[in-house]
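Single-structure report; data block below.
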Amino acid sequence: MSIHIQTNYNKDENIWIVDIKGEIDIYTANKVKEDLNKMLDEQMADFKINCLELTYIDSTGLGVLIGILKRLKKEEKNINIVNPKPNISKLFHITGLDKIFVIEGE
Amino acid sequence: MGDHFSISVPSKPEYVNVVRLTASAIACRMGFNIEQIEDIKVAIAEACTNAIKHGIKNREENFKIQFLVDEEKLEIDVEDEGHGFSCNEIEEPDLENPKEGGLGIFIIKSLMDDVQINSNIGKGTSIKMIKYLGDDL
Ligand SMILES: Nc1ncnc2c1ncn2[C@@H]1O[C@H](COP(=O)(O)OP(=O)(O)OP(=O)(O)O)[C@@H](O)[C@H]1O
Ligand SMILES: [Mg+2]
């Protein structure tokens, strides 16, 4: 199992575009957390997370995203979750996280 | 009586994925649909993650998973002999004010049809969860 994160900063729109491929669970969550936090250290900006190839997430991964969102909200920035698979958007809905993240392309 | 399938799992994060694959293979063989299989994968991973994160005292220890395969349902028991906790202290997450942590058990209860948690401080924790075949309840 693996996780692959590709990031791209769009200067014109001041937004981070993040492609996450693979599975976020107890094994991979730390890497995701470190990578995303490093990006914020480098540049505080909105996040657009492309989830087309994110196949799995659970509470460990949701916790990482909530932590990042909290950091962003302090600077009035947000996270857009783009194209989540049905199993992933289901978790955002049952936990109520769909109300604090912007979810696109369900 | 149904079939009984059990495994002993090292208390290491890298094996949670193996447990998910095992659960998904069993559920698939039983005829659960894709959405139900995804539910089962998340629920069992949450229970294993808790056993590893909160339960087990040292990483050398294993924890046990039993699958009880019946005609109309799958029952999964995840048991660790770890720290245990006081189950009546489980807080429902505040959905208006999400925070990091505290979502796992809530997610298990949302995805499975019947969930029972038994924990004894100092002795360990067992979480039993059932998913019925057929239409979602
Ligand atoms: N197997 C276990 N052994 C000991 N304590 C446990 C066990 N499972 C759960 N707990 C206790 O119950 C609490 C709630 O568990 P839950 O999975 O809901 O949230 P969490 O693990 O703290 O965070 P999250 O699952 O959102 O990452 C835990 O914080 C822990 O104190
Ligand atoms: Mg948990």
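Order of the sequence lines sets the chain letters (A, B, ...), proteins ahead of strands, with each chain counted from 1.
The aromatic rings of A:Y9 and A:W16 sit tilted, their planes meeting at an angle between 30° and 60°. Aromatic ring orientation, A:F101 versus A:F92: perpendicular (interplanar angle above 60°, classes split at 30° and 60°).
Proximity to chain B (any heavy atom under 4.5 Å) is restricted, for A:I57, to the backbone atoms N, CA, C and O. For A:I94, the parts sitting under 4.5 Å from any heavy atom of chain B are the backbone and the side chain alike. Heavy-atom distances place no part of B:I34 under 4.5 Å from chain A, backbone and side chain included.
At distances below 3.5 Å, at least one donor-acceptor pair connects side-chain atoms of B:K131 with backbone N or O atoms of B:L111. Formation of a donor-acceptor pair under 3.5 Å by the B:D80 side chain with backbone atoms of B:A51 is not found in this model. A donor-acceptor pair is defined here as one N or O able to donate and one able to accept, closer than 3.5 Å; such a pair exists between the side chain of A:N87 and the backbone of A:T55.
Summarising the geometry of A:M44 relative to A:K77, their closest heavy-atom pair is O-CE, 3.9 Å, with the distance given to 0.1 Å.
With chain A as the partner, the residue from B:V42, B:V16, B:I52, B:T49 showing the most heavy-atom pairs under 4.5 Å is B:V42.
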Assess whether salt bridge (Lys or Arg N to Asp or Glu O under 4.0 Å) is satisfied between B:E35 and A:K90, documenting all intermediate values. CA-CA 10 Å; B:E35 181 175 0; A:K90 181 173 186 176; 2.8 Å; yes

message = Please evaluate residues B:E61 and B:S11 with respect to the criterion side chain to side chain donor-acceptor pair (under 3.5 Å), reporting the C-alpha separation (whole Å), side-chain torsions for both, the decisive distance (0.1 Å), and the verdict.
response = CA-CA 6 Å; B:E61 230 168 280; B:S11 175; over 6 Å; no

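Contacts between residues 29-43 of chain A and chain B, defined by a heavy-atom separation under 4.5 Å, are made by no residue at all.
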